[in-house]
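Right, one structure below, let's go through it.
These numbers were taken from a predicted model, which means no experiment stands behind them.
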Amino acid sequence: MDTVRCGMLGAGWMGNAIAGDFSLCEGIELAALGSRSLESGRVFAEEHGIPLVLPVDELLSRSDIDLIYVATPNHNHAELALAAIEAGKHVLVEKPFTMTEAESHAVFDAATRAKVFVMEAMWSRFNPGIRAVRSLLTGGAIGEPRTVQASFGFPLPPGDHRLWDPARGGGSLLDQGVYPLTIAQLVFGQPTTVAATGSRLGYRGEDMGVDTEVGMLLGYAGGQQAALATSIRAQLPLTASIGGSEGLIEIGEAFWSDTTYTIRRPGGERETHTEPKEGNGYVPMLRAVVEAIAAGWLEHPLNPHAETLALMRTVDRVRDALG
């Protein structure tokens, strides 16, 4: 296969963010768009130079499409991923991979049986800045890591946005919370304890039916901790930090996509580094997809199925702690 031909499902904010990066990545082409509304799909396709717009079922049935990228609202990620797998396609699913760990298991099991590549589009794992930070941690740059702090929040105006809609898998945890949780997981792995607090309140104090603000405290076997926060009602820092016995690493704003990080020493010394950023930041992830498909891998070593399942397990535990 010389070029991976990708069909994208969904023409919303996420699709708009990533579409331009396909042209910056060798070996992959955004060849088609699957949309429930062909009229709005054609407008989106024209803006991004996508040559073909089809109903979803027709797109899945085409033999000249190798990869399906699911960029729809959260509630139908699993359904569309399973349909793409049944059609024999490789699949890249926007985060959150699914709504629950159980759904994630179902998708990965189906992909393994069908022998197709499937991955969550957690682009932070391929971010060159975050990869550099992980190498520093492994090399002992700040001694023993003991704490992670990260947050992601902004006041979202009330209205018909999907994050306010429980029927479309809305709320703060699934869309925003997966980023701080991913940073904590990259540093410490799976937590032994999960505590959470938050609310489902809107701006007038009404129950919105979705989590609108979440605070999480994760504990680990060695006493390490991660303090994380998300909100669609308040502006929060979009930064992350990792504290160790010999220093602190701060990742710039927005931490999941930024490639700048600073090492701070107890005596006040600082070192700031910036890794190259390609496009909107999705190019390294797309390159990894091409690499995996070319090699015949069913998962990529930088973002294997087990890591996605572990993340969704923690999401489920946070949801349970919120009640």
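Remark: Arg200 does not engage Asp211 in a salt bridge, criterion side-chain N to carboxylate O under 4.0 Å. Using a cut-off of 4.0 Å between Lys/Arg side-chain N and Asp/Glu carboxylate O, Asp316 and Arg319 are scored as salt-bridged. Taking the charged nitrogens against the carboxylate oxygens, Glu275 and Lys277 have no contact shorter than 4.0 Å, which rules out a salt bridge. Salt bridge Asp64/Arg5: present, at least one basic N to carboxylate O contact under 4.0 Å.
A continuous path of ILVMFWY side-chain contacts below 4.5 Å connects Val187 to Leu136, so both sit in one hydrophobic cluster. In the hydrophobic cluster analysis, where Ile, Leu, Val, Met, Phe, Trp and Tyr join through side-chain heavy atoms closer than 4.5 angstrom, Leu174 is grouped together with Leu322.
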Solution key, residues 80-88 side-chain donor-acceptor pairs under 3.5 Å, sequence neighbours excluded:
none

Give every donor-acceptor pair under 3.5 Å between a side-chain atom in residues 13-26 and any protein atom, sequence neighbours left out.
residue: Asn16; atom: OD1; partner: His48; partner atom: NE2; Å: 2.8
residue: Asp21; atom: OD1; partner: Asn280; partner atom: N; Å: 3.0
residue: Asp21; atom: OD2; partner: Asn280; partner atom: N; Å: 3.1
residue: Asp21; atom: OD2; partner: Gly281; partner atom: N; Å: 3.3
residue: Asp21; atom: OD2; partner: Tyr282; partner atom: N; Å: 2.9
residue: Ser23; atom: OG; partner: Gly20; partner atom: O; Å: 2.9
residue: Glu26; atom: OE2; partner: Arg287; partner atom: NE; Å: 3.1

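Heavy-atom contacts from other residues, nucleotides or ligands closer than 6.0 Å to CD of Gln235 number more than 12. Arg265 CZ: more than 12 foreign heavy atoms inside a 6.0 Å radius. Residue-environment remark: CZ (Arg131) stays at or below the threshold of 12 foreign heavy atoms within 6.0 Å.
Side-chain contact between Leu9 and Leu59: present, with at least one pair of heavy atoms (C-beta onward) separated by less than 4.5 Å. You'll find the side chain of Met122 stays beyond 4.5 Å of the side chain of Trp256, heavy atoms only. Leu186 has its side chain within reach of Arg134: a pair of non-hydrogen atoms, C-beta onward, lies under 4.5 Å apart. The shortest side-chain heavy-atom distance between Val289 and Val4 does not fall under the 4.5 Å cut-off. Considering only heavy atoms from C-beta on, Glu250 stays 4.5 Å or farther from Thr239 through its side chain. For the pair Leu92/Met285, a side-chain contact is recorded, criterion being any heavy-atom separation below 4.5 Å from C-beta on.
A donor-acceptor contact shorter than 3.5 Å links the side chain of Trp164 to the backbone of Pro157. Thr98 contributes a side-chain N or O that, together with a main-chain N or O of Ser104, makes up a donor-acceptor pair within less than 3.5 Å. The backbone N or O of Phe97 lies less than 3.5 Å from a partner atom in the side chain of Glu120, making a donor-acceptor pair. Here the side chain of His77 pairs no donor or acceptor atom with the backbone of Val70 at under 3.5 angstrom. Remark: the backbone N or O of His305 is paired with a side-chain donor or acceptor of Glu299 at under 3.5 angstrom.
Test His300, Gln190, Gln185 against Glu307 for side chain to side chain donor-acceptor pair (under 3.5 Å) and you get one pass: Gln185.
Pairs of residues two or more places apart, or lying in two chains, that qualify as ring pair (Phe, Tyr, Trp, His ring centres under 6.0 Å) and include a residue from residues 210-253 are Phe188-Tyr220. Within the structure, the ring pair (Phe, Tyr, Trp, His ring centres under 6.0 Å) test picks out no pair touching residues 226-250 (sequence neighbours left out).
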Checklist entry - Is there a side chain to side chain contact (heavy atoms under 4.5 Å, CB included) between Ser35 and Ser40 once you walk through the steps? => result CA-CA 8 Å; Ser35 179; Ser40 62; 4.3 Å; yes

Checklist entry - Run the side chain to side chain contact (heavy atoms under 4.5 Å, CB included) check on Thr230 and Met216 step by step: do they pass? => result CA-CA 9 Å; Thr230 67; Met216 297 165 274; 4.2 Å; yes

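Tyr203 carries Arg233 over the face of its six-membered ring, with the cationic atom under 6.0 Å from the centre and within 45° of the normal.
Residues meeting the ring-ring contact (aromatic ring centres under 6.0 Å, His included) test with Phe117, sequence neighbours left out: none. Partners of Thr193 by side chain to side chain contact (heavy atoms under 4.5 Å, CB included), not counting sequence neighbours: none found.
The six-membered or imidazole ring of Phe255 lies away from that of Phe152, with a centre-to-centre distance of 6.0 Å or more.
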